[in-house]
Trainee: 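Here it is, the structure, as C-alpha cells.
Numbered from 1 within each chain, the chains take letters A, B, ... in sequence-line order.
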Protein chains: 4
Amino acid sequence: MQKIMDAASRLIAQKGYEATSIAEIAREAGVSKGLLYNYFSSKQDLLEKMVLGAMSEADNVMGRLIDDDPRRTLENMIRELFRQLRERSEHIRLMMELTFKIDRFDFVRKMASDRYELYIRFIEDLFQKIGIPDPANEARMLAALCDGIGVQYTVLKGVYSIDQLEEFLVNKYCKKDQSHEMGH
Amino acid sequence: MQKIMDAASRLIAQKGYEATSIAEIAREAGVSKGLLYNYFSSKQDLLEKMVLGAMSEADNVMGRLIDDDPRRTLENMIRELFRQLRERSEHIRLMMELTFKIDRFDFVRKMASDRYELYIRFIEDLFQKIGIPDPANEARMLAALCDGIGVQYTVLKGVYSIDQLEEFLVNKYCKKDQSHEMGH
Amino acid sequence: MQKIMDAASRLIAQKGYEATSIAEIAREAGVSKGLLYNYFSSKQDLLEKMVLGAMSEADNVMGRLIDDDPRRTLENMIRELFRQLRERSEHIRLMMELTFKIDRFDFVRKMASDRYELYIRFIEDLFQKIGIPDPANEARMLAALCDGIGVQYTVLKGVYSIDQLEEFLVNKYCKKDQSHEMGH
Amino acid sequence: MQKIMDAASRLIAQKGYEATSIAEIAREAGVSKGLLYNYFSSKQDLLEKMVLGAMSEADNVMGRLIDDDPRRTLENMIRELFRQLRERSEHIRLMMELTFKIDRFDFVRKMASDRYELYIRFIEDLFQKIGIPDPANEARMLAALCDGIGVQYTVLKGVYSIDQLEEFLVNKYCKKDQSHEMGH
DNA sequence: AATGAATGAGACTTCATTCAT
DNA sequence: GATGAATGAAGTCTCATTCAT
C-alpha cells in the first residue's frame with residue numbers, strides 16, 4: 001500500500017493527476033492494477049489518501065520548527081519553505097495543481113481552508129509576539145507571499161534564483177534591528 | 001469563431017482544461033463539433049489562441065494604468081488586480097491552472113517567463129523612481145505577493161475577504177508619508 | 001474541371017485514394033470544395049471520371065503503337081509499357097491500387113474485365129500472326145507478366161533494374177531468329 | 001488474441017484495411033474494442049502482427065515444398081501458388097493491397113524487398129541447376145509472372161480460368177523433354 | 001492478497017457532403 | 001459559376017473500473 005502511494009506520489013507530482021494513469025502507477029509500484037483497487041476505491045480516493053498522508057507528514061515537520069523565540073520560529077519556517085522548494089519542488093507543484101481542482105475534489109476545499117486558517121492564526125500569533133502592528137493583515141500577506149514564491153519558483157525554475165530571496169525575507173521578518181521596514 | 005472562443009473561455013476557465021470536452025464547448029457555442037476544427041487545429045490550439053488573446057487584452061488594460069506619478073501607477077495596478085479578482089476570478093484560476101501545466105504546453109512556458117521578466121522590470125523601475133531601496137528584490141516580492149493573493153482568493157473565495165487587503169497594500173506601497181514600513 | 005481532375009490525379013496517384021481528402025484536392029486545384037461538387041457528385045464519381053479519362057487516353061496511345069509487322073507492334077507495346085513505368089509509375093501504382101478495390105467500386109470491375117478481354121484478344125491475335133503455338137495461353141502469360149512487372153517495379157522502385165528486363169523481353173518475344181525459346 | 005487476429009484477418013483480407021473498422025473487428029471477434037488495445041497498440045500494429053504471422057506461416061509451407069529434384073521443387077511451388085489462389089485468394093488480395101501501401105507502412109517495404117530478394121535467389125538457383133540459360137532474368141520473369149497471375153486472378157476471379165494456366169506453366173518450366181521453349 | 005483479461009463510455013479528430021449567399 | 005461555413009457520422013484510441021480465478 002505504501003509502495004503504491006509512493007509510486008503515485010512520484011508520478012502524479014511530476015506529471016499531473018490526469019496525465020498519470022492507473023496503469024502507470026501500478027507498473028511503477030510493481031503491482032497489478034487489480035490490487036490497487038483493493039486498497040483504494042478509485043483513482044480519486046488514492047489521490048486523497050496520498051495527499052492527506054503528505055499533509056500529516058508536513059504537520060510533523062512544522063512541529064519541529066517551533067522555538068521559544070518567535071523570531072527563530074519564523075526564520076525556521078521560512079528556511080524550511082525554501083528547503084522544500086529546493087528539494088521537493090514537484091510536491092509543491094502537485095499541491096498547487098490540486099489547489100486549482102478545488103471544485104472537482106471536495107476534500108481539497110476542506111483541507112485548503114482548514115490549513116489556511118491554521119497557518120494564518122499561527123503566524124499572526126508570532127507577529128503579535130514580535131510586536132509587529134496589524135499582525136492580521138501582515139500574516140495574510142506573508143502567507144500569500146509564500147504561496148506566490150512557490151508558484152513562481154515551480155514555474156520559472158531555471159530562471160528563478162531563490163537564495164537572495166531567502167536572505168531578504170529572513171532579514172525583513174526575523175532580524176531585530178533592521179526589520180519591519182520596507183525601505184530606508 | 002469568437003462565439004467558440006467565448007464558450008471555451010467560459011467553460012475551461014470554470015471547469016478546467018481536461019474537464020471540459022470539445023463536445024461541451026461546441027454545444028455551449030451552439031455549433032457542431034466539426035466546425036470547431038475549421039478554426040482550431042486541435043483542442044490545444046484552441047486553448048493557445050484563447051489564452052494568447054486574453055493576454056494581449058490584458059496588455060491593453062495594463063497600458064491604460066500608467067500614470068505620470070509612479071505611486072499612482074502602482075496604485076492603479078494594485079487596484080486593477082483586485083478588480084480582476086472580484087470580477088473575473090475564473091480567468092485568474094485558468095491562468096494559474098495552466099501555469100502548472102507548463103511541461104505539457106510549451107507556449108505556456110514561453111509566455112510565463114516572458115511576462116514575468118516584463119512585469120518584474122516594470123515594477124522594479126517604479127520602485128526605483130519612488131525611491132524604495134533594493135528595488136530588485138522588492139519587485140520580486142511584490143510580484144510573488146500578487147500571485148499568492150491570486151492563488152488564495154481563487155481557492156478560498158468565500159472565506160477570503162479582499163477589501164482590507166487591498167487598502168493595506170495600497171497604503172503600504174503607494175502612500176507617501178507612512179509608506180515603506182512594515183510595522184509601527 | 002480539367003484542373004480538378006489533374007489535381008486529383010496527381011494527389012491520388014501519389015498518396016492513394018483514402019489518404020487524399022477532398023479538401024486537399026480542392027486546394028491543389030486552386031478551387032473551393034463547393035465547386036468540386038458542381039462537377040462531380042461525389043468523391044467516388046471524381047475518381048471514376050478521372051480513371052475513365054486516363055483509360056481513353058491510354059487507348060489513344062495504344063492505337064499509335066500498331067504496326068503492319070506484328071513483331072513490331074509487340075515490341076512497341078513492350079517498350080511503351082517500360083516507358084510508362086519509367087515516366088508515370090504513380091499512375092500505374094494508382095491503377096493497381098484500384099484493382100484491389102474492385103469490390104468497392106463497381107466501375108473498376110467492369111473496366112478491368114473489359115480491358116482484360118480486349119488486350120488478351122489483341123495479343124493472342126498478334127501471337128497467331130507471328131506463329132507462336134498455343135497463342136491463347138501465351139497471351140494470358142504475357143499479360144500476367146506485364147502486370148507482374150508493374151507490381152514489382154512500383155514496389156521495389158529503387159532496387160528493381162528495368163533496362164535489362166526490357167531487352168530480355170523484346171528479344172524473347174519480338175526477334176525472329178532466337179525467339180520462342182526459354183533456353184537453348 | 002488469436003481470435004482477434006483471425007477476425008481481423010478475415011475482414012481485412014476481404015474488405016481491405018481502411019474499409020474495416022476496429023469496431024467491426026472487435027464485433028467479429030466477439031470482444032470489446034478496448035480489449036483489442038490490450039494486445040495491439042494500434043490498428044496498424046494489428047495489421048503488422050497479422051501479416052508477419054502469415055508470412056512466417058508461409059515460410060513453413062515453402063520449406064515443405066523443397067525436393068531433391070529441382071524440377072520437382074519448381075513444380076511444387078507452382079502448384080502451391082495455384083492452390084493458394086484457389087483456397088485463400090483473399091489473403092493474396094490483402095498482400096497485394098498492402099504492397100501498394102508501401103509508402104504508408106514501413107514494415108511492408110522491408111518485408112517486400114527482403115522476400116523478393118529471397119525468392120528470386122531461390123528460383124535463380126533452381127534454374128541454374130536445371131540448366132536454363134540466363135537464369136537471373138528468367139527468375140525475375142517467373143517471379144513477375146506469379147505476381148501477375150495473382151493480380152489477375154484476384155480481380156477477374158469469375159472469368160479467369162486457372163487450371164489450364166497451371167498445366168501450361170508446369171509443362172513449360174518443369175518437364176524435361178518439351179521444356180524451355182516458348183513455341184514449337 | 002493478488003492478478004490481468006475484459007469492458008464500455010467517452011475523448012479527440014477527420015472528412016465527405018450540403019447549402020445559403 | 002463559385003464560395004466556404006457548417007454539419008454529423010464515423011473512426012481510432014484511452015482509461016478507470018470490474019470480476020473470475
Trainee: Taking pairing as Watson-Crick or G-U wobble with both contacts under 3.5 Å, can you name the mate of F:dC15, or confirm there isn't one?
Mentor: E:dG8
Trainee: Atom CG of D:Leu36 to atom P of E:dT7: distance rounded to whole Å?
Mentor: 11 Å
Trainee: If pairing requires Watson-Crick or G-U wobble contacts with both distances under 3.5 Å, which nucleotide is the partner of E:dA1?
Mentor: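 Result: none.
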Trainee: Could you tell me whether A:Asp103 and A:Arg109 make a salt bridge, using a distance below 4.0 angstrom between a side-chain N and a carboxylate O?
Mentor: yes
Trainee: Pick the closest DNA chain E nucleotide for D:Val31 and for B:Ile22 by heavy atoms, then say which residue is nearer the 5' end.
Mentor: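 Closest to the 5' end, via its nearest nucleotide, is D:Val31.
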Trainee: Rounded to the nearest Å, what distance is computed from the CZ atom of residue A:Arg27 to the C1' atom of nucleotide E:dG4?
Mentor: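 My rounded result for the distance is 13 Å.
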Trainee: Does E:dA20 have a Watson-Crick or wobble mate here (both distances under 3.5 Å), and if so which one?
Mentor: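 Looking at the geometry, E:dA20 pairs with F:dT3.
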Trainee: In whole Å, what is the span from the CD1 atom of A:Ile4 to the C1' atom of E:dT3?
Mentor: 13 Å
Trainee: Does a side-chain N or O of D:Tyr39 approach OP1 or OP2 of E:dA5 to a distance below 4.0 Å, or not?
Mentor: no
Trainee: What integer distance in Å separates B:Leu46:CG from E:dT13:P?
Mentor: 10 Å
Trainee: Write down the distance between NZ (C:Lys43) and C1' (F:dA10), rounded to a whole number of angstrom.
Mentor: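 Taking NZ of C:Lys43 and C1' of F:dA10, I get 14 Å after rounding.
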Trainee: Would you mind classifying the nucleic acid contact of C:Thr20 as base, sugar-phosphate or nothing, using non-hydrogen atoms under 4.0 angstrom?
Mentor: sugar-phosphate
Trainee: Might you work through the ring pair (Phe, Tyr, Trp, His ring centres under 6.0 Å) test for C:Phe105 and C:Tyr17, ending with a clear yes or no?
Mentor: CA-CA 12 Å; C:Phe105 299 130; C:Tyr17 178 71; 5.3 Å; yes
Trainee: Whether A:Arg10 and A:Glu90 form a salt bridge (side-chain N of Lys/Arg under 4.0 Å from carboxylate O of Asp/Glu) is what I want to check.
Mentor: no
Trainee: Ignoring hydrogens and geometry beyond distance, is the side chain of D:Asn38 in donor-acceptor contact with the base of E:dA5 at under 3.5 Å?
Mentor: no
Trainee: Please report the distance, rounded to the nearest Å, between OH in C:Tyr17 and C1' in E:dC15.
Mentor: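 My rounded result for the distance is 12 Å.
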Trainee: If you assign each of B:Gly34 and B:Ser21 to its closest nucleotide in DNA chain E, which residue comes earlier from the 5' end?
Mentor: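 On the 5' side of the pair lies B:Ser21.
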Trainee: Identify whether any heavy atom of A:Leu35 sits under 4.0 Å from a base atom; if not, whether one sits that close to sugar-phosphate; answer base, sugar-phosphate or nothing.
Mentor: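 It contacts base atoms.
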Trainee: Could you check B:Lys33 against D:Tyr37 and say which one's nearest nucleotide on DNA chain F is further toward the 5' end?
Mentor: B:Lys33
Trainee: So, are C:Asp106 and C:Lys110 salt-bridged, with charged N and O less than 4.0 Å apart?
Mentor: no
Trainee: Round to a whole Å and report the spacing from NZ of A:Lys15 to C1' of F:dT14.
Mentor: 13 Å
Trainee: From CZ of B:Phe40 over to C1' of E:dC12, roughly how many Å is that when rounded to an integer?
Mentor: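 Whole-Å distance recorded here is 16 Å.
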Trainee: Would you kindly compare A:Glu18 and D:Glu24 by the position of their nearest DNA chain F nucleotide and give the one closer to the 5′ end?
Mentor: D:Glu24
Trainee: Of the non-hydrogen atoms in B:Phe40 and B:Asp45, which two are nearest, and what is the gap between them?
Mentor: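 Between these two residues, the closest heavy atoms are CA-OD2, 3.3 Å.
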